[in-house]
Amino acid sequence: MRRGVLLVVVGVMVVLAGCAGTAPGDSTPGESTPENNTESVATTNGTVEVHYINVGQSVSTLIIEPDGETMLVDTGHYNDDGEYVIDYLQRHDITRIDHLVTSHNDADHIGGNAAIIDYYETEADGVGAVYDPGIAASTQTYGEYLDAIEEHDVTLYETREGDSLAFGAVTVDVLGPPEPYLENEGRNENSIVLKLTYGETSFLLSGDAEDDQEAYLVERYGEQLQSTVLKAGHHGSASSSSEAFLDAVQPEAVVVSSAYDSQYEHPNDEVLQRLSDRSIPTYWTATHGDIVLVSDGSAVSVQTQVAAPTDPGALRDGDAVEPGTTGTVTERDRLGGAGTGAIDSGGSDDSTEDDDDETSTENVTLAVAEINADAEGDDRENLNDEYIVFENTGDDPLDVSGWTVADDAGHTYTIPDDVTIGPEATLTLRTGSGTNTETELYWGSGSPIWNNNGDTVIVTTDDGERVVEEQY
């Protein structure tokens with residue numbers, strides 16, 4: 001019955017569509033699909049933000065294009081009724097949702113739909129339009145979602161492959177679900193799949209697409225699936241992120257959204273192995289917290305709340321970050337070139353500006369003087385013989401309090417307060433344990449940090465600016 005209601009509502013709402021953007025289906029089929037977009041955008045102005053919100057065993061993605069237009073893809077789990085997502089949107093001063101996309105109608109993806117529609121239609125500036133793949137669910141959560149659409153007379157589009165969404169300077173291609181539906185209208189296998197392209201960067205959102213839909217996408221689009229960043233399908237389930245799909249997408253990074261103690265063991269070890277085999281840095285909302293990617297059209301800045309491991313094989317070594325945790329995100333990596341500044345993720349900001357500060361990062365004089373990655377004997381039994389020596393090459397003292405030192409795998413050490421390196425002086429950071437002195441610090445790790453076969457020493461200031469990136 002609910003599917004019938006949906007189709008009736010869709011039929012009415014498409015007729016009443018206003019200025020929310022291009023109505024899916026109005027464009028000529030194939031006119032804006034990736035195979036016809038062979039040229040990247042020549043120029044870009046401003047940045048696109050893609051926020052992967054930490055919502056536990058669920059998913060919600062906020063996209064903000066350069067002129068401030070917003071798109072929200074999925075809204076979290078029914079257990080929290082959209083609370084984490086609404087809180088996040090409020091902290092980021094999102095007063096309107098221009099496009100609300102439902103990847104598919106499972107309750108862990110539409111959990112906040114009704115609450116978000118109610119809030120934005122009654123207390124904020126509204127919801128422009130809702131996009132839905134058109135396959136119903138027999139759940140209370142789904143019924144409440146449709147009721148909210150009807151109550152507030154929100155435009156609803158049934159959205160399929162070949163459609164496109166008008167989203168400012170960002171090209172949004174809809175790659176799924178196809179016509180006819182796959183696998184007897186299974187909801188996961190008929191997820192709305194979006195490819196967002198901005199300049200030379202792109203983001204692929206595949207909902208809960210599993211092996212059948214991924215195989216369809218590979219056969220249909222092939223190398224045109226290639227994207228800078230991939231959100232792993234189905235929370236990192238073994239039935240998604242197949243070898244063929246990963247080889248077609250060729251992501252420079254992957255984001256997984258699932259709970260730290262997922263009852264489904266997401267992300268699955270098979271998926272992590274496939275990512276590890278391809279050396280793809282992987283970010284997990286359960287350990288990195290909120291993940292914000294910022295594209296200027298040529299490069300993507302990867303920013304997270306926590307500097308947890310990104311090596312797929314070490315992903316579970318990170319500590320849990322509870323959903324709803326607030327705090328500033330910091331740049332951890334850059335994909336494709338120069339990055340952008342940090343974004344406030346809703347936490348308090350006690351920093352103050354001081355134009356006369358002698359340690360301004362405009363003239364940082366910190367350098368790596370020595371790297372001893374291979375300790376004498378067994379590295380695990382001689383951790384203090386694994387060390388990095390930093391040198392202040394300037395003529396003034398350098399205050400490094402609160403700065404972080406990290407490696408390629410995401411292991412991070414925060415320098416304690418009141419640590420200053422004198423002019424032309426050195427500071428040694430040893431991996432093991434000991435008592436800190438003015439010239440020596442101890443990481444306190446129980447295992448080796450620095451890869452004997454090559455690694456990267458990354459130093460970031462307490463304001464989130466990367467000032468050292470030394471490979472060996």
Gap between atom [atom2] of [Y] and atom [atom1] of [X] - 0.5 Å precision:
X	Y	atom1	atom2	answer
Phe203	Leu230	CZ	CG	12.0 Å
His235	Thr285	NE2	OG1	10.0 Å
Leu156	Tyr145	CG	OH	5.5 Å
Gln305	Thr326	CD	OG1	7.5 Å
Thr420	Asp396	OG1	CG	12.0 Å
Thr228	Leu196	OG1	CG	11.0 Å

Problem - Residue pairs fulfilling salt bridge (charged side-chain N to carboxylate O under 4.0 Å, His left out) with at least one residue in residues 70-82, sequence neighbours excluded - result: none
Fill in the blank from the handout: Residues pairing under salt bridge (charged side-chain N to carboxylate O under 4.0 Å, His left out) where one sits in residues 99-120, two or more places apart or in two chains, turn out to be Asp106-Arg187
Does [X] have any side-chain hydrogen bond (donor to acceptor under 3.5 Å, both in side chains) partners at least two apart in sequence or in another chain, and if so, which?
X	answer
Thr404	none
Gln90	Tyr119
Glu151	none

Problem - Nearest heavy-atom neighbours spanning Asp399 and Val419 - result: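 The answer is OD1-O, 3.2 Å.
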Practice task
Mind listing the closest non-hydrogen atom pair of Ser258 and Gln57 along with its distance?
Solution key: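 It is CB-OE1, 3.5 Å.
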In chain order, what residues pass the side chain to side chain contact (heavy atoms under 4.5 Å, CB included) check against [X], with sequence neighbours excluded?
X	answer
Tyr78	Ala107, Thr141
Asp317	Pro309, Ala314
Thr287	Tyr260, Trp284, Ala308
Asp125	Thr95, Arg96

What residues form a ring-ring contact (aromatic ring centres under 6.0 Å, His included) with [X], not counting sequence neighbours?
X	result
Phe167	His99
Phe245	none
His288	Tyr283

Handout entry: Derivation and outcome, side-chain hydrogen bond (donor to acceptor under 3.5 Å, both in side chains), residues Thr75 and Asn113
Key = CA-CA 6 Å; Thr75 60; Asn113 278 24; 2.7 Å; yes
Exercise for the section: Applying side-chain hydrogen bond (donor to acceptor under 3.5 Å, both in side chains) between His104 and each of Asn190, Asp132, Asn188, report the one that passes. Expected result: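 Filter result, single survivor: Asn188.
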Exercise for the section: Any chance you could lay out the side-chain contact (heavy atoms from CB on, under 4.5 Å) test for Val101 and Leu72, step after step, and finish with the verdict? Expected result: CA-CA 6 Å; Val101 179; Leu72 183 65; over 6 Å; no
Practice task
For Glu161 and Tyr221, test the side chains for any donor-to-acceptor distance below 3.5 angstrom and give the result as yes or no.
Solution key: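 Yes, because at least one side-chain N or O of Glu161 sits under 3.5 Å from a partner of the opposite role on Tyr221.
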Exercise for the section: Would you tell me whether Ser295 and Thr201 have side-chain atoms, one donor and one acceptor, within less than 3.5 Å of each other? Expected result: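 Thr201 and Ser295 do have a side-chain donor-acceptor pair below 3.5 Å.
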Exercise for the section: Verify the ring-centre separation between His92 and His51: is it less than 6.0 angstrom? Expected result: yes
Practice task
Before giving the answer on side-chain contact (heavy atoms from CB on, under 4.5 Å), spell out for Tyr413 and Leu441 the whole-Å C-alpha distance, their side-chain angles and the decisive distance to 0.1 Å.
Solution key: CA-CA 10 Å; Tyr413 171 82; Leu441 299 176; 3.7 Å; yes
